[in-house]
2 protein chains.
Amino acid sequence: MEYEANRRVEASARTFAILERLCEVDSAGVSALAADLEMSKGIVHNHLSTLRELGYVRKLGDDYQLTPRLLGQGLRARSNARLHRYAADLCSEVAAHLTTGVVLCQHAADDCTVVDAAGLPSGADLGVGTTLPLTESLVGLVTLIAGSADEPPADAGTAYDSAGIRANLDADGYATGPLSPDHGGCVAAPILDADGDCHGSVGVVLPAGEQARQRVTEATASLRDRIEARFDSGWADERSFATEKHSWVG
Amino acid sequence: MEYEANRRVEASARTFAILERLCEVDSAGVSALAADLEMSKGIVHNHLSTLRELGYVRKLGDDYQLTPRLLGQGLRARSNARLHRYAADLCSEVAAHLTTGVVLCQHAADDCTVVDAAGLPSGADLGVGTTLPLTESLVGLVTLIAGSADEPPADAGTAYDSAGIRANLDADGYATGPLSPDHGGCVAAPILDADGDCHGSVGVVLPAGEQARQRVTEATASLRDRIEARFDSGWADERSFATEKHSWVG
DNA sequence: GACAGTCGTTCTATAAAATAGAACACTACT
DNA sequence: AGTAGTGTTCTATTTTATAGAACGACTGTC
C-alpha cells in the first residue's frame, strides 16, 4: 500500500488534469482553472508554463488554449497502431459495398475508442475519436469478452447478456445487438491476432429488414477474417508505404 | 534565473518525453525507453504506470503502447478551436469549387499544424496533423508575420523574402509562393480576428497556368474574408449545433 | 482621479515526492 | 544449470513541487 501511492507521479497527473480541463473548455485563464481543479494559482501557472514550453498549450492574451499538437500526435499514434493500418481501408470498402455504417474500435483499459468510421451520416455521434464504454456498448463488450477468458463481473451491471454474447463469439466470432443504448442494431466482431490478444472490434450497422441481416453478418465475418489475416501475416503494407512516401507537389 | 528553472515541472516534462517517444515507436518496453531517454528503468516504470492509470497508455504483454485517447482529445481540442469551427466547411467548399487543394493551418508557438485539408490527392503528405515549420513554409510564415509587428529575425535564415511577404500581406492580405520546400506554389492568407490576433492561415494550392492564378487568388481572398467575418460576428454556428446533438440510430 | 476588484505572475520556506540504484522475480535461450 | 534479458519492487536521499502571500498591471466604477 505504501508503494502503490508512491509510484504514481502526482505532478504529471496534475498536468494532465489541467490539459483535460483545457480540452473541455477550449480556452481558460489561470484563475478559472485553479478554481475548477482546486489547485493554487501559482501551481497552475507552473504547469501551464511547462505545457507551453512543450508546445501543447499556447497563450492568447490572458487565456490559455490547447495547440493542435495533440491532434498530430493522436493521428500519429493511430497510424502506428496495426489495427488502423490493417483495417481502415477494408472498413471503408465494406461500408461502401453494403451502403451502411462501419466503425472500427480500439480497445483500451476503461473504454473503447472509434479510430475509424465509414458510411455514417454526417450528423452521427459516432465519429472518429468517440469513446464508448466497455460494458455498455456492444463493440466494447465484445473486446472485453474476447480479451479475457472470464466474463465481465456481475457487478458491472451491463444491459447486455454477457453469457449469450460469449456463446455467440465462441460459435460465430461475432455478436448482434444494439451498438450502444443510444444507437441501433449492429453486428460486432472482435479482432484477435495469432496470440489471441484482442486489438479491438468492428461494428457494422444493421439496416432494417431481415434479408439485410444475413448479408451484413456474412460481410462482417468476412471483414473480420480479412483483418485478422493481415495480423497473422504481418501484412507488409507495401501500398501504404508507397503512397506515404510520395511527396505531393501541387 | 533561479525562478526560471524552478517553475518548470520536470516530472511532467519527463512524462511527455516518454509519451512522445511512444508516439514515434508505436510500442516499446521499459528498458528500451529508459535507454533511449537516458532515464532509470524504475522511473520510466513509474511514469508509464501513471500514464496507464490516466488512460493514455496500455500494456500489451511486456510492451507499452499509446491508447487512442490522444486522438479523441486532439479532435475535441480542434472542435473547440474557433478556427476549425468557422473555416472547415468553407475550405471544403472552395477546394471543391476550384478543384484544388486547400489546407487550414493553426498557428502554434514553434510550428503550424494542418487542422483541416480538402481536395488533396490521397498520397499527399499534407494531411490533417502535419506540422510545418513557421519560417520554412509559406502558411507558417504568413501567420508569423501577421501575428507580430516586427518581422522574423534575420538569423532565422528563411528561404522566403520576409519583407516582400509582409508587403504583400499589407497590400492584399495574402501572399504567393511555394507552400514549403517540399511542395508547389500556393496562395496563403493569414486569418485575423477583430483584435488583430492571428489564428492561423489558409493555403490554396496553385495549379499551373496563368489564368488559374487569378481565380485562385480571388478565391483565397474571398475565403479569408468569409472566415474573418465569422470571427467578427462571433458566428453562432447554429447549424453545427443542430447536427451535433442529433443522435444517430442506424 | 482614486478605488476596489480583477487578472497573471513572482517569490520563498516548507513539506512532499520524484528519483537513482540495487535487488527481485520471471522468462527465454545456450 | 546457467546466463542474459525482461518488467517490477523497494528504500534512502535529495531534489523539487507546492501553498500561500505579495506584486504589478489592468479594468472597470463611483
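First the proteins, then the strands, lettered A, B, ... as listed; each starts at 1.
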Worked verdict on Asp26(A) versus Arg82(B) for salt bridge (charged side-chain N to carboxylate O under 4.0 Å, His left out): CA-CA 9 Å; Asp26(A) 176 30; Arg82(B) 286 186 294 172; 5.7 Å; no

Residue pair Ser180(A), Ser137(A): steps toward the side chain to side chain donor-acceptor pair (under 3.5 Å) verdict: CA-CA 4 Å; Ser180(A) 86; Ser137(A) 69; over 6 Å; no

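Under 4.0 angstrom from either OP1 or OP2 of dT6(C) there lies no side-chain N or O belonging to Ser31(A). One finds no side-chain N or O of Arg14(B) lying less than 4.0 angstrom from the OP1 or OP2 phosphate oxygen of dA18(C). Using a 4.0 Å cut-off, some side-chain N or O of His45(B) falls inside it from OP1 or OP2 of dT8(D). In this model, the phosphate group of dT19(C) is approached by a side-chain N or O of His47(B) to a distance below 4.0 Å at OP1 or OP2. Under 4.0 angstrom from either OP1 or OP2 of dT16(D) there lies no side-chain N or O belonging to Arg8(B). An OP1 or OP2 oxygen of dT6(D) is reached within less than 4.0 angstrom by no side-chain nitrogen or oxygen of Tyr64(B).
Rounded to whole Å, atom P of dT8(D) lies 8 Å from atom CG of Leu48(B). Atom pair Leu60(B):CG and dG7(D):C1' shows a separation of 15 Å (rounding to whole Å applied). Taking atom CZ on Arg7(B) and atom C1' on dC11(C), their separation rounds to 12 Å, with Å as the unit. Put simply, CD1 on Ile18(A) is 13 Å from P on dA17(D), counting in whole angstrom units. Atom CD in Glu10(A) sits about 18 Å away from atom P in dA15(C), given to the nearest Å. In this structure, CZ of Phe16(A) is placed 15 Å from P of dA17(D), rounded to the nearest angstrom. We find that CG of Leu37(A) is positioned 12 Å from P of dA19(D), with the value rounded to whole Å. Counting to the nearest Å, the P atom of dA16(C) and the CE atom of Met39(A) are 16 Å from each other.
In this structure, the side chain of Arg85(A) engages the main chain of Asn80(A) through a donor-acceptor pair within 3.5 Å.
As judged by a 4.0 angstrom heavy-atom cut-off over every strand, Ser40(A) is placed among the base-contacting residues.
Environment of CG in Asp161(B): crowded, with over 12 heavy atoms of neighbouring residues, nucleotides or ligands closer than 6.0 Å. Within 6.0 Å of the CG atom in Asp197(B), the count of heavy atoms belonging to other residues, nucleotides or ligands exceeds 12.
The residue from Asp89(B), Asp193(B), Asp225(B) that alone fulfils the salt bridge (Lys or Arg N to Asp or Glu O under 4.0 Å) condition with Arg230(B) is Asp89(B).
Ring-plane geometry between Tyr86(B) and Phe231(B) is classed as perpendicular, the angle between the planes exceeding 60 degrees on a 0 to 90 degree scale with a lower cut at 30.
When each of Glu38(A) and Lys41(A) is assigned the nucleotide of DNA chain D with its nearest heavy atom, Glu38(A) is the one assigned upstream, toward the 5' end. The residue among Ser12(A) and Ala28(A) whose nearest nucleotide of DNA chain C lies closer to the 5′ end is Ala28(A).
Listed nucleotides dG8(C), dA18(C), dG7(D) differ in distance to Asp62(A); the shortest reach to its side chain belongs to dG8(C). Listed nucleotides: dG7(D), dG8(C), dA20(C). Nearest to the side chain of Val30(B): dG7(D). Which of dA19(D), dG8(C), dT19(C) sits closest to the side chain of Asn46(B) comes down to dT19(C). Among the nucleotides dT8(D), dT16(D), dG8(C), the one closest to any side-chain atom of Asp63(A) is dG8(C).
Note on the helix from dG8(C)-dC23(D) to dT30(C)-dA1(D): terminal axis deviation equals 50°, with five pairs used at each end and the result rounded to 10°.
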Name every donor-acceptor pair, under 3.5 Å, that has one atom in a side chain of residues 67-74 of chain A and the other anywhere in the protein, sequence neighbours excluded.
{"from": "Thr67(A)", "atom 1": "OG1", "to": "Gly55(A)", "atom 2": "O", "distance (Å)": "2.8"}
{"from": "Thr67(A)", "atom 1": "OG1", "to": "Tyr56(A)", "atom 2": "O", "distance (Å)": "3.3"}
{"from": "Thr67(A)", "atom 1": "OG1", "to": "Arg69(A)", "atom 2": "N", "distance (Å)": "3.3"}
{"from": "Arg69(A)", "atom 1": "NH1", "to": "Leu54(A)", "atom 2": "O", "distance (Å)": "3.2"}
{"from": "Arg69(A)", "atom 1": "NH1", "to": "Glu20(B)", "atom 2": "OE2", "distance (Å)": "3.3"}
{"from": "Gln73(A)", "atom 1": "OE1", "to": "Tyr56(A)", "atom 2": "OH", "distance (Å)": "3.3"}
{"from": "Gln73(A)", "atom 1": "NE2", "to": "Tyr56(A)", "atom 2": "OH", "distance (Å)": "3.0"}

